[in-house]
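Worth saying up front: this structure is predicted, and the values here are computed from it rather than measured.
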Amino acid sequence: MPKMKTKQTFKKRIKVTGTGKFMKRSNYTSHFATNKTHKQNKNLHKPSITSNSTVKRVRDLLQG
């Protein structure tokens with residue numbers, strides 16, 4: 001079985017913190033932005049930590 005390669009597009013979209021958690025950008029930031037409040041738009045542009053349920057999938061995509 002050949003080695004699994006790292007998904008390059010995913011690698012560019014995620015960052016690993018010093019404690020090993022994964023930082024990501026939020027969805028829904030630009031489309032229909034006028035319908036959202038200023039507070040919603042401000043919070044969407046902050047990076048967030050991935051949920052515990054997706055950590056296993058993230059590790060599989062970055063394993064190469």
*Hey, does Pro47 have a side-chain heavy atom less than 4.5 Å from the side chain of Lys24?*
no

*Looking at side-chain heavy atoms only, is the closest gap between Lys21 and Val16 below 4.5 Å?*
no

Roughly how far, to the nearest 0.5 Å, is the [atom2] atom of [Y] from the [atom1] atom of [X]?
X	Y	atom1	atom2	answer
Ile14	Lys11	CD1	NZ	13.0 Å
Phe22	Arg57	CZ	CZ	12.5 Å
Lys3	Lys5	NZ	NZ	11.5 Å

Which heavy-atom pair separates [X] from [Y] by the least distance, and what is that distance?
X	Y	value
Thr29	Leu44	CG2-O, 3.7 Å
Ile49	Met23	CG1-SD, 3.5 Å
Thr50	Val55	OG1-CG2, 4.1 Å
Ser26	Lys46	OG-O, 3.7 Å
Arg25	Lys12	NH2-O, 4.4 Å

*Can you sort out the partners of Ser30 under side-chain hydrogen bond (donor to acceptor under 3.5 Å, both in side chains), two or more places apart, ordered by chain and number?*
none

*Enclosure of Asn27 CG (heavy-atom neighbours >12, cutoff 6.0 Å)*: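 Buried by this count: over 12 neighbours within 6.0 Å.
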
*Residues in salt bridge (Lys or Arg N to Asp or Glu O under 4.0 Å) contact with Lys56, at least two apart in sequence or another chain*: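 With sequence neighbours excluded, Lys56 shows a salt bridge (Lys or Arg N to Asp or Glu O under 4.0 Å) to Asp60, given in chain and number order.
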
_Qualifying residues under side chain to side chain contact (heavy atoms under 4.5 Å, CB included), relative to Tyr28, sequence neighbours excluded_ = Lys36

